[in-house]
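Take a look at the structure below.
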Amino acid sequence: MNMRYLLIFTLLFALIGKQEVLAQKVNWDHIILPPDSLTDNVEEKLVQIAWANFPQNQSKYADIAISKSKLQYAKFSFLENFGAGVQINSQAGQPATNSIGGPGGTIQQVTTTTSLPRFGFGIQFGIGQVLTTPFKVKTAKEELRKAEHELNLQKMLVRKEVITRYNTYKAAYEVLRHYAGIIEEVKTSHSVAVKNFENGTIALDVYQQSLGLLNQNEERLIAAKYNLKITKANLEELLGAKLEEIIQQ
């Protein structure tokens, strides 16, 4: 029985812990450090600079600004068919003279036009616009929410890409250092092999092995240099600046 209660309590705590985890939300303002935040962490600094300089990031802010403008427009779209006018009647209630012919001669008949107000005010209003405005506002709000989600997604993508490219660059840099150290040792060994071959103390195949090892490591060194340039260029594509201008090796 005690084991049964223990199992129940364990499941309850697990469910509570799971709900707490699900309830936690990402603070999108912390994905990218604000421009005025200083940090000694190289990766965070690079992410910060890439976010400030990469043009595609700024287009996301433009999308949000456009969505906000559309939302404001949708809220007042019902005024498109709203109109008001003022009418001024300059001849209100003026008399009119009519000539009527008859057996006894012509009779002058004086009548008065229908009396109109001196001023008139009119309003026209489109009921259709009023009814559709809430739907337009809802659509505009969803478009704004979508733009905000895309901005947050861009933050995560930039952070991931910068950190990935920076670590790829660091790995390429270490590989280059490794082969640069090896090539010096191989050159020293090959110089000794050349002298020994000239003195006749080693056979031709031993000399050729030494030469082949030197050529192999020189090719690896060339490939490592090329790879370092490529990884550096890929990183600087996001940074919008030379890496050496940001950090010192």
Side-chain angles (χ1 to χ4, degrees), residues 13-77 133-180 223-249:
F13 281 121
L15 289 174
I16 293 173
K18 183 178 180 181
Q19 289 178 353
E20 290 178 353
V21 171
L22 293 176
Q24 292 179 354
K25 294 184 178 180
V26 177
N27 189 341
W28 298 105
D29 294 333
H30 291 170
I31 297 297
I32 309 291
L33 292 178
D36 56 348
S37 298
L38 299 178
T39 177
D40 294 330
N41 187 294
V42 176
E43 290 183 354
E44 294 295 339
K45 185 176 181 180
L46 293 178
V47 170
Q48 187 182 40
I49 293 174
W51 183 254
N53 294 343
F54 196 52
Q56 189 175 356
N57 304 333
Q58 305 308 317
S59 67
K60 299 300 180 181
Y61 285 112
D63 290 340
I64 289 180
I66 293 172
S67 298
K68 288 182 179 179
S69 297
K70 287 183 177 179
L71 177 58
Q72 289 298 111
Y73 174 79
K75 290 180 179 179
F76 297 98
S77 61
T133 294
F135 300 100
K136 292 180 179 179
V137 171
K138 184 178 180 180
T139 301
K141 286 182 178 180
E142 292 300 324
E143 289 180 352
L144 176 59
R145 190 175 291 111
K146 178 183 177 183
E148 291 173 344
H149 288 324
E150 290 180 351
L151 175 65
N152 293 333
L153 176 61
Q154 183 69 9
K155 288 181 178 180
M156 299 200 65
L157 292 177
V158 168
R159 180 179 181 83
K160 168 184 171 293
E161 197 65 27
V162 170
I163 292 176
T164 299
R165 295 189 189 190
Y166 175 60
N167 283 279
T168 302
Y169 166 77
K170 287 200 304 180
Y173 181 76
E174 292 301 322
V175 169
L176 177 60
R177 287 183 57 188
H178 173 72
Y179 282 119
K225 288 180 179 179
Y226 173 79
N227 189 46
L228 182 65
K229 289 182 178 181
I230 295 300
T231 56
K232 182 173 180 286
N234 289 336
L235 178 58
E236 291 176 344
E237 178 187 12
L238 296 177
L239 299 178
K242 295 292 183 180
L243 186 60
E244 54 268 18
E245 296 176 359
I246 303 172
I247 60 174
Q248 295 183 355
Q249 301 295 328

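At least one donor-acceptor pair under 3.5 Å links the side chain of E236 to the backbone N or O of L243. Between the side chain of T164 and the backbone N or O of E161 there is no donor-acceptor pair closer than 3.5 Å.
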Is there a side-chain contact (heavy atoms from CB on, under 4.5 Å) between N227 and V175? Walk through the geometry before answering. CA-CA 9 Å; N227 189 46; V175 169; over 6 Å; no
Might you work through the side-chain contact (heavy atoms from CB on, under 4.5 Å) test for L144 and I64, ending with a clear yes or no? CA-CA 6 Å; L144 176 59; I64 289 180; 4.0 Å; yes
Test side-chain contact (heavy atoms from CB on, under 4.5 Å) on V162 and E43; report intermediate values, then the result. CA-CA 8 Å; V162 170; E43 290 183 354; over 6 Å; no
Would L238 and V158 count as a side-chain contact (heavy atoms from CB on, under 4.5 Å) here? Give the steps. CA-CA 8 Å; L238 296 177; V158 168; 5.8 Å; no
What verdict does the salt bridge (Lys or Arg N to Asp or Glu O under 4.0 Å) test give for R145 and E148, after you've listed the backbone C-alpha separation in whole Å, the side-chain angles of each residue and the deciding distance to 0.1 Å? CA-CA 5 Å; R145 190 175 291 111; E148 291 173 344; 5.9 Å; no
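Applying the salt bridge (charged side-chain N to carboxylate O under 4.0 Å, His left out) definition to pairs two or more places apart or across chains, those involving residues 44-67 are E44-R159.
The OG1 atom of T139 sits 10.0 Å away from atom NZ of K136, with the distance rounded to the nearest 0.5 Å. Taking CH2 of W51 as the reference point, atom CG of L33 lies at 12.5 Å (rounded to 0.5 Å). The structure places NZ of K242 at 14.0 Å from CD1 of I247, a figure rounded to the nearest 0.5 Å. Separating the NZ atom in K146 from the CG atom in L151 is a distance of 14.0 Å, to the nearest 0.5 Å. For the atom pair L239 CG and K232 NZ, the distance stands at 9.5 Å (nearest 0.5 Å). Interatomic distance, I230 CD1 to R165 CZ, rounded to the nearest 0.5 Å: 12.0 Å.
In terms of heavy atoms, T231 sits closest to A172 at OG1-CB, 3.7 Å. Across all non-hydrogen atoms, the minimal contact from V42 to Y166 is CG1-OH, 3.4 Å. Closest non-hydrogen pair, A52 versus Q58, comes out as O-NE2, 3.5 Å.
Looking at I246 and L46, their side chains come closer than 4.5 Å, going by heavy atoms from C-beta outward. Side-chain contact between K75 and Q72: present, with at least one pair of heavy atoms (C-beta onward) separated by less than 4.5 Å.
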